[in-house]
Structure formats: C-alpha cells, structure tokens
Amino acid sequence: MPQQPAQVIATYSQRMRVRMADRSEAEARIKGKRLRPVCGDFVELEPIANEDEWLITAIQDRRNVLARPNMRGQTEILASNIELLLAVSAPSPKPDWFVVDRYLAAAGIIGVPAAVVFNKTDLDDELADAASYLDEYEAAGYPVLRCSAETGAGIAAIGAEIGEQVAIVVGQSGVGKSSIINELMGGEALRTAEISTKSGEGRHTTVNSVMLDLPGGGHVIDSPGVRDYAPALDSPADVIHGFREIETAGHECRFANCRHLQEPGCAVKAAVDEGSISARRYESYRRLLRLTEELDSKSRS
C-alpha cells in the first residue's frame, strides 16, 4: 500500500491532524498502541479504505524532542523538531521563575535557542517585581521580549524573533500564551480563558498541542499550560548544559567533573560569590540537579 509523508500539526488523544506534502490537511489515527506521534512529528501515512481519515504507520527520525518525566517516571514527549523555545511569564499569575529556568534548560540541553517572553506589561503596578529576574536572563545571554497581548505592544518583536522557524510557546497556565499567538496570527486563532478569580491560577486553555502558521512564514506550537515542569534527562550530568553561564564558568574549575556543589577550586561557586552569576539561577541549577538525581535513582531501583 502506498505511503505518504506528512507532519502532525495537532493532537487529540489518539487522533491527529496532519499536513500533507501538498499542504492540504487531513485527519489521521494511529496504527497500533506503540506509536505515539506528537505535534511536529513527520510521519508516514497510508489511506484507509472507504474512509476520509488516514492511518499513521511510522514516525520519522526526530531532530529533537521537548520532553518531561510523567508521574510514573516515564518520559513524556511534548513536541518534536522545534527550532526555538519561547518561555512565557507574566505578572499574573505570580511567576515561578524556576519553571522558566527549567524550560530554558530543556532548550539548552536539546540544542535549541530560547528566549524569555514577559507578557501583560500593561499591568504597570506589578512590573517592578519582575525587573531583576528579567535582568538575570539578559545577563545570562537570553533575549528578553516584553509584550502585552492586550495592547499589542511588543508582539512584532516576538514575530521577528520567530522569523521562519518552528517555535514552541511554553509556560504556566494563564500567562497568556494563546493570547500572544492570537496577536501573532492577527486575530482570534485560539480559544482563551481568563484567570480564575478564586485562586489566581490560570485555567488550562489548550488541551492538546497545535501548530499554527504565522503570516510572516514561521510556525508556532501552542502547548498546554503547566503549574510545574522539569526536563526529561538521560543523566544528571546533562543539567549543566541547561545553564549556559554556569557551563561557561565551569570550564575554569579545578576538576573537569566538578558538579559545582562542594568541590574545591570551583569557579562557578566563586562566580556566584562575587555576583557575576545569579545566586538564584545557581540555586535553580542545584534544585534541578537534585531532582534529576532523585529521578535517576528511582529509575535504576
């Protein structure tokens, strides 16, 4: 039976929406239980007799994957073949900067550039608290893009950062990821929801991932909002690759295998003490290292 290539552009549990080689779109389902396509995957299809749907029979090799460990300690892949990660935060709900750090770490570990997007800059009274954190990211070399999906301010700069790349937009629930994408699309492309007035936490507005084409030629993957996130890593030693300023300073450590915790002659700890590396970012590195070691220990037991 003839196979056709396609790309997964939306996921709905066991069903997918795919873009064919001729740019047309179609619905598809998965052959068997072992295949687990995600948004961004390139797949092989075969027609189903007397049906409009197609059958996904294989997943082509992935250039990269954004993943996290699930509650059972298994790796859950969120998206694949991405070229840019945009970590979104906002004054409301209250930012969890450690979650932002972990998304940036995930991007660094899989070799994908990343930027921090700070939304809701129209909330003037609450911006001062975020300034020092955003300065930390800029000092570490990350682009920081300030915007307001409400007023449209800064949206063009985000579009320019994406260019013609495939970007995934990630962050806590309620920070306005879908609203930003709506503005990038020039209209109401995605369903959005307001912050819960009772808890101040965002409601989940995107149940499954979806890839949208931008007018400028790029593509964005809108992912479900989270309350926490950690990258799925093969080894605790990989954590260092997610903190670019710590990895760079680590080249000057006395020992090549320095973990930057209690080792003598650690250039990273010296840089933290003198203030050239953010103490908060260093604590974020320590937390992710401990978490990854715990997960690694559980997987081996």
Side-chain angles (χ1 to χ4, degrees), residues 82-104 107 113-207 209-227 229 280:
I82 59 177
E83 298 170 309
L84 174 68
L85 182 142
L86 299 176
V88 182
S89 59
S92 177
K94 184 178 179 180
D96 187 334
W97 299 108
F98 292 112
V99 170
V100 175
D101 288 337
R102 291 176 181 188
Y103 275 121
L104 297 178
V116 176
V117 175
F118 190 70
N119 189 26
K120 305 185 185 179
T121 55
D122 51 291
L123 302 178
D124 296 331
D125 294 341
E126 302 183 58
L127 297 183
D129 291 342
S132 63
Y133 298 99
L134 300 179
D135 289 346
E136 288 177 352
Y137 293 121
E138 289 182 320
Y142 293 102
V144 175
L145 307 170
R146 297 164 175 83
C147 73
S148 169
E150 180 71 21
T151 67
I155 297 298
I158 299 174
E161 187 75 23
I162 296 172
E164 297 188 357
Q165 300 178 98
V166 176
I168 186 166
V169 183
V170 296
Q172 294 170 259
S173 300
V175 295
K177 298 184 303 298
S178 296
S179 297
I180 291 171
I181 293 174
N182 289 342
E183 290 299 307
L184 288 168
M185 296 288 294
E188 192 71 14
L190 293 167
R191 178 175 58 85
T192 59
E194 296 181 353
I195 301 297
S196 167
T197 55
K198 289 185 178 180
S199 66
E201 295 182 349
R203 298 191 183 102
H204 295 273
T205 62
T206 307
V207 177
S209 297
V210 57
M211 182 189 296
L212 296 167
D213 298 337
L214 298 180
H219 314 273
V220 289
I221 297 176
D222 184 34
S223 63
V226 301
R227 289 183 175 82
Y229 170 79
R280 189 203 63 80

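Quick note: numbers below take in every heavy atom, side chains included, and nothing from hydrogens, waters or symmetry partners.
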So does Val88 get a backbone contact from the side chain of Lys177, meaning a donor-acceptor N/O pair under 3.5 Å?
no
Would you say Glu150 has more than 12 foreign heavy atoms packed within less than 6.0 Å of its CD?
no
Is any side-chain heavy atom of Arg280 closer than 4.5 Å to a side-chain heavy atom of Phe98?
yes
Which atom of Val175 lies closest to which atom of Pro93, heavy atoms considered
N-CD, 4.0 Å
Enter the distance from Ile158:CD1 to Ile180:CD1 here, rounded to the nearest 0.5 Å.
5.0 Å
Search all heavy atoms of Leu85 against all heavy atoms of Ala107 and return the closest pair with its distance.
CB-CB, 4.0 Å
Could you pull out the closest heavy-atom pair between Val117 and Cys147, with the gap in Å?
CG1-SG, 3.8 Å
Closest approach of Ile168 to Ser223 (non-hydrogen atoms, all atoms of both residues):
CD1-CB, 4.3 Å
Ion pair Lys94/Asp129, N-O distance below 4.0 Å
no
For the residue pair Tyr137 and Trp97, does the interplanar ring angle fall in the parallel (under 30°), tilted (30 to 60°) or perpendicular (over 60°) class?
tilted
Ignoring hydrogens and geometry, is there a side-chain-to-backbone donor-acceptor pair from Glu83 to Val166 under 3.5 Å?
yes
Would you name the heavy atoms of Glu161 and Pro143 that are closest together and state the gap between them?
OE2-CG, 3.8 Å
Heavy-atom side-chain contact between Tyr142 and Leu104 under 4.5 Å:
yes
What is the distance from atom CG of Leu145 to atom CG of Asn119, rounded to the nearest 0.5 Å?
11.5 Å
So, for Tyr103 and Gly171, which heavy atoms are closest and what is the spacing to 0.1 Å?
CE1-N, 3.8 Å
CG/Asp222 to OG/Ser209 distance, rounded to the nearest 0.5 angstrom?
7.5 Å
Could you state the interatomic distance from CE (Met185) to CD1 (Ile155), rounded to the nearest 0.5 Å?
13.0 Å
Atom pair CG/NE2 of Leu212 and His219 - distance to nearest 0.5 Å
10.5 Å
Take atom OH in Tyr133; do more than 12 heavy atoms of anything else shown fall under 6.0 Å from it?
no
Ignoring hydrogens and angles, tell me if any N or O in the side chain of Gln165 forms a donor-acceptor pair with the backbone of Ile162 under 3.5 Å.
yes
Using only atom types and a distance under 3.5 Å, with no angle test, would you say the side chain of Ser148 pairs donor to acceptor with the backbone of Lys120?
no
